[in-house]
Amino acid sequence: MSKKKNRNYWPQGIIGMILAVVAGGAYTVNLAIHNPVQEDTYFMEKYQKVDKNINKLMNEKIKFDNNFNITYSSKKLKTGLNSFYIELHNKKTNKLVNNADITLLVTRPETNEFNQFIKPSKVEKGQYIFTNIKINKLGRWKLLTNIKVNKFDGYDTYEVYAAK
């Protein structure tokens with residue numbers, strides 16, 4: 001009668017787990033290197049400065065929103081070159097504002113690769129006209145604005161859709 005020898009597999013299990021942890025760590029590092037973190041661009045500042053001054057920025061935005069309304073010309077853009085305008089209304093006087101300093105950031109929601117900072121090319125009857133907006137990818141785009149009027153400083157975001 002032959003005696004059957006019992007095998008013990010726990011050493012191979014430990015070695016397999018160690019190799020799996022090392023492979024998972026290497027995969028995670030590789031994934032992180034190829035997909036860098038995208039900074040939030042809502043305030044058009046470095047996140048360190050936003051983090052340090054967030055209460056001041058939010059209070060300025062509330063004051064701005066209490067005094068002004070922003071109107072955008074369209075919800076749709078087309079691929080290629082576009083023109084776009086923004087109107088700024090004073091809530092108290094119900095008049096268009098002509099003396100604002102506006103910076104427009106055109107960006108994709110998922111990446112900063114296509115960011116374009118644009119100043120208005122002209123102001124006509126309260127309309128801040130932005131030209132040469134390059135849209136080279138279909139889908140969602142964000143228009144982020146920083147508007148300064150006298151002592152007020154406001155930020156706004158607006159989504160548009162790009163089609164052919």
Side-chain angles (χ1 to χ4, degrees), residues 23-24 26-54 56-164:
Y27 176 75
T28 302
V29 169
N30 187 34
L31 190 64
I33 288 171
H34 290 94
N35 296 299
V37 175
Q38 300 293 326
E39 289 187 18
D40 185 14
T41 52
Y42 182 77
F43 290 104
M44 295 185 206
E45 299 278 350
K46 291 281 188 192
Y47 73 90
Q48 293 93 338
K49 188 172 181 181
V50 171
D51 190 42
K52 184 177 178 182
N53 300 316
I54 189 65
K56 180 183 173 204
L57 290 169
M58 292 306 292
N59 287 335
E60 287 177 359
K61 181 175 176 12
I62 290 168
K63 288 178 189 174
F64 183 87
D65 290 343
N66 289 336
N67 287 287
F68 300 99
N69 274 337
I70 304 167
T71 306
Y72 296 87
S73 65
S74 177
K75 278 283 233 195
K76 292 185 179 182
L77 297 175
K78 62 182 183 340
T79 54
L81 290 178
N82 289 272
S83 294
F84 195 82
Y85 72 83
I86 295 173
E87 291 180 344
L88 185 63
H89 299 269
N90 188 321
K91 285 183 179 179
K92 293 181 176 151
T93 63
N94 205 20
K95 292 185 178 179
L96 291 171
V97 177
N98 288 312
N99 63 339
D101 178 24
I102 300 178
T103 303
L104 179 71
L105 171 60
V106 180
T107 185
R108 296 280 298 179
E110 75 277 2
T111 182
N112 292 334
E113 183 181 344
F114 302 104
N115 284 6
Q116 302 171 58
F117 284 94
I118 303 170
K119 289 290 218 178
S121 56
K122 60 184 171 180
V123 180
E124 220 173 69
K125 299 177 185 173
Q127 293 181 343
Y128 294 84
I129 301 168
F130 297 88
T131 57
N132 295 329
I133 299 172
K134 295 176 191 126
I135 302 296
N136 49 8
K137 193 172 180 185
L138 299 174
R140 288 179 36 213
W141 287 79
K142 279 188 174 182
L143 304 177
L144 303 168
T145 52
N146 177 1
I147 303 171
K148 295 177 183 168
V149 181
N150 301 330
K151 61 183 178 179
F152 299 104
D153 195 3
Y155 299 89
D156 194 50
T157 183
Y158 186 72
E159 278 202 13
V160 294
Y161 187 79
K164 286 186 179 185

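Under the salt bridge (charged side-chain N to carboxylate O under 4.0 Å, His left out) criterion, K49 pairs with E45, sequence neighbours left out. With sequence neighbours excluded, the residues forming a side chain to side chain contact (heavy atoms under 4.5 Å, CB included) with I33 are V29, listed by chain and number. Taking N30 as the reference, H34 meet the side-chain hydrogen bond (donor to acceptor under 3.5 Å, both in side chains) condition, with sequence neighbours excluded. In this view, N69 satisfies the side-chain hydrogen bond (donor to acceptor under 3.5 Å, both in side chains) rule with no residue, not counting sequence neighbours. With sequence neighbours excluded, no residue satisfies side-chain hydrogen bond (donor to acceptor under 3.5 Å, both in side chains) with E124. Residues satisfying the side-chain hydrogen bond (donor to acceptor under 3.5 Å, both in side chains) criterion with N66, sequence neighbours excluded, are absent altogether.
Screening residues 152-164 for salt bridge (Lys or Arg N to Asp or Glu O under 4.0 Å) gives R140-E159 as the qualifying pairs, with residues at least two apart or on separate chains. Residue pairs meeting the salt bridge (Lys or Arg N to Asp or Glu O under 4.0 Å) criterion with at least one member in residues 66-85: none, sequence neighbours excluded. Listed by first and then second residue, the ring-ring contact (aromatic ring centres under 6.0 Å, His included) pairs involving residues 145-164 are F43-Y155, F68-F152, Y72-Y158 (not counting sequence neighbours). Applying the ring-ring contact (aromatic ring centres under 6.0 Å, His included) test to every pair with at least one member in residues 73-111, sequence neighbours left out, gives no pairs at all. A salt bridge (Lys or Arg N to Asp or Glu O under 4.0 Å) check over residues 90-105, counting only residues at least two apart or in different chains, returns the pairs D101-K119.
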List the atom pairs, donor and acceptor, that lie under 3.5 Å between side-chain atoms in residues 126-135 and the rest of the protein, sequence neighbours left out.
residue: Q127; atom: NE2; partner: E87; partner atom: OE2; Å: 3.1
residue: Y128; atom: OH; partner: V97; partner atom: O; Å: 2.9
residue: Y128; atom: OH; partner: N98; partner atom: O; Å: 3.3
residue: Y128; atom: OH; partner: N99; partner atom: N; Å: 3.3
residue: Y128; atom: OH; partner: A100; partner atom: N; Å: 2.9
residue: T131; atom: OG1; partner: S121; partner atom: OG; Å: 3.4

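Rounded to the nearest 0.5 angstrom, T79 OG1 and K137 NZ are separated by 13.5 Å.
Residues T157 and K142 approach most closely at OG1-CD, 4.1 Å, considering heavy atoms. Heavy-atom minimum distance, N67 versus K63: ND2-O, 2.7 Å.
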